[in-house]
Structure formats: structure tokens, C-alpha cells
Number of protein chains: 2
Amino acid sequence: MARSPKTAPKGRKLSNFLCFAVYSANLAFGRAYKPLLDKVGLTYTQYIAMVALSDEDEVTVSALGEKLFLESNTLTPILKKLEQTGYIKRYRDPADERQVRLSLTPVGRKLIEQDLSVSLVEATGLGDEFPVVQQTVSRLRDNLLRATKADD
Amino acid sequence: MARSPKTAPKGRKLSNFLCFAVYSANLAFGRAYKPLLDKVGLTYTQYIAMVALSDEDEVTVSALGEKLFLESNTLTPILKKLEQTGYIKRYRDPADERQVRLSLTPVGRKLIEQDLSVSLVEATGLGDEFPVVQQTVSRLRDNLLRATKADD
DNA sequence: TCCGATTAGATCGGATACGATATAAATCAA
DNA sequence: TTGATTTATATCGTATCCGATCTAATCGGA
């Protein structure tokens, strides 16, 4: 029951916080990807958006947003930047002019098809645990989002 | 082996990316905490900084930065905001005027001692897995940071 | 002791996140 | 059909992150 005087009586160790583990792991991923992405002139978020677009083409901004858990306020500037860089095209859907559809340019597709993340799999040091961790963290996310949406 | 024509031949499903799982789980945590933190006028990052300070007091900016994996360029504005809000004190170390030391005010300490995160543990839906996930994600972070630091 | 190198924070610019709001297109109801 | 409502993006303000740079304080060697 001994306590050090300078430390909080109820001091909470940061390492006990799952949110901090996730927060800092996300920072770490960003830094790990940075040297790879710098070579192709992409940021971390831009890269994730490109991956989502490589999975399905011609999607609307809001459909992409559902995949990424983001909305137009965040996506629009990123997508404009990607268009400006020449990796994607943005165009109004003729059938519904409210919607903006997105597609990878040939350059963008070629870029995303050369798997930039391969070398990082081993950097995670997770080995066989990799798929389990991925699935568990995804489930964590889904549970949190569901719980957050529940009380509004 | 059939492929839909509109989808990328080598399209990478976002769900296969561990980095995306972590990225989106971090967003989900931020949103889950938001209603709780709004009540006390803290942001997610400010809250994490407060937790770190409750764990150890009178630390320098760089020492806090080591815990949070952040540097002064990110921390200084956050700490100034926290000081302005009245939750922490910042002062130059008399023994070395280059260093700025940080401590929670009584108000700040009281705030952080009423555990705001308790209700979120169940929202993670992880049950008994909770400590394992926490430890695994932390290890993931450490491995990534080590690998990133290795080649510079 | 003195001056160059190092160190600790702070500042600045670019790029996310996100709540609130604006705008334009589409829909719906009277 | 027209005016009100809804929907899809976009814009704006605030708060992170982070690389690059600045400033002030300290250290170290000749």
C-alpha cells in the first residue's frame, strides 16, 4: 500500500489505457509508412484513401467515406489534393449532379498496385498473430462506433 | 477465381490492412470519448496528456513527449491550452532555464482522478481479451517505432 | 574564459479530423 | 408546379501531428 509522494495517489498509468495503445500505434504506423510514401508523394491518409479506391472504383464521396469512417468535410480537401497530384479523377455524376464520383487514374492505379506495405508487415513483429490482431482491432473499432452511435 | 470487371485486378481490400484497423480504431476511440470529454472541456489529446501527467508530476516537456511519442512542436500548443484552461501549470526549471516543467493544478488533478474512461471499457466489447489486446497493440507500436528508427 | 556546438522549447507551414454551416441539386407535398 | 424539405458536397474554424527552422540557455574544448 506504499505510495510515492510525488506521484498521483490515483495516478493512472498511460500503459493501462487501450485508447493510448491504439493512439500511439496509429502514430507509429504513420511514421513507419512515411519514408515509403514520401517517395511517391503521398501522405498516410491519402494512401489509405487510394487503397480504398483500388478496392472499388467509381464510388461517390459518401460511399468512400463509409469505408473510411470519414465525411466530406475531411475527404474533400484530400480528394482535391489527390486529383491535383494526378492520382484520381473527380466528376459529378450526370444522373445526380449532387454526387461526386471518384476513380483512380492509370498512374494512380499503377502506383497502388505495387504493394507499398509489404515491407511493413514484418516491421510489425507480429508474425502469425498478424491476422488475429487485425481482426480484433477491427472488432474493437466496430464495437466502439456502435456504442457511440447508440447514445445520440 | 472470378473477378468483377469494375474492381481492380489487384484491388486491396481495406479490411486486410492492419494499419487501417488501427487508424480507424483510433478515430472510433476519439468519437467514443468525445461526449465524455466535452463535458469537462477537454479534447482527446489533451485528455491523454493529462493522464500522462497524473502518472508522474513535475516532468519536462520532452519527458512528457517520450511518454506520448510526441515532440514540442505538437505538445507546446496543447500544453498552453491546458494551462490557459487552468488544468496544468507550466514553469521554467530554475536549475536549467531551457526546460519547462509541468504539473497538474488541484482542479486538473481532481478532474483526472474521476475516471472518465471506465464506462468505455465495456463499450470496447472485448471482455476478457481487453488486457491482451492492449498489450499486443502496444507491442505492435513498439516494434514499428523500433523498425522505423532503425533505418534513418 | 570564450566561442562554437548542443540542447530544450517554441514557431511556422502543410495536412488531417471534425462540428457547424453553406450551397446546390433532387425530392416531395399541397 | 412550386415551395419546403432532404441530400451530397463543400467551406470554415479549431485542434492536432509533424518536418523544418528559430531562439535562448547550457556545455565543452582550446
Does [X] have a side-chain nitrogen or oxygen under 4.0 Å from the phosphate oxygens OP1 or OP2 of [N]?
X        : N      : result
B:Arg90  : C:dA10 : yes
B:Tyr44  : C:dC18 : no
B:Arg101 : C:dG9  : no
B:Thr45  : D:dA15 : no
B:Gln99  : D:dT26 : no
A:Thr74  : C:dA17 : no
B:Ser62  : C:dT7  : no
B:Lys80  : D:dT16 : no
A:Lys81  : C:dA15 : yes
B:Thr43  : D:dT16 : yes

At under 4.0 Å between heavy atoms, what does B:Asn73 touch on the DNA or RNA strands: base, sugar-phosphate, or nothing?
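The residue B:Asn73 makes base contact.
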
Have a look at A:Leu75 and say if it touches a base, only the backbone sugar-phosphate, or nothing, with a 4.0 Å heavy-atom cut-off.
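Result for A:Leu75 = nothing.
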
Nearest whole Å is fine: how far is [N] [atom2] from [X] [atom1]?
X        : N      : atom1 : atom2 : result
A:Leu145 : C:dC18 : CG    : P     : 10 Å
B:Glu83  : C:dA10 : CD    : C1'   : 14 Å
B:Glu71  : C:dT7  : CD    : C1'   : 13 Å
A:Ile48  : D:dC17 : CD1   : P     : 15 Å
B:Ile78  : D:dC17 : CD1   : C1'   : 8 Å
A:Tyr91  : D:dA8  : OH    : P     : 17 Å
A:Arg92  : C:dT23 : CZ    : P     : 15 Å

Please work out which of the three classes, parallel, tilted or perpendicular, describes the rings of A:Tyr33 and A:Tyr47, given edges at 30° and 60°.
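If you compare the ring of A:Tyr47 with that of A:Tyr33, the planes turn out tilted.
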
Salt-bridged, B:Arg90 to B:Glu83, with N to O below 4.0 Å?
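A salt bridge links B:Arg90 with B:Glu83.
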
Strictly below 4.0 Å, N to O, side chains only: are B:Arg98 and B:Asp93 in salt-bridge contact?
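A salt bridge is absent here (no side-chain N lies under 4.0 Å from a carboxylate O).
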
A:Pro77 vs A:Asp96, nearer the 5' end of DNA chain C by closest nucleotide:
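Between the two, 5'-proximity favours A:Pro77.
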
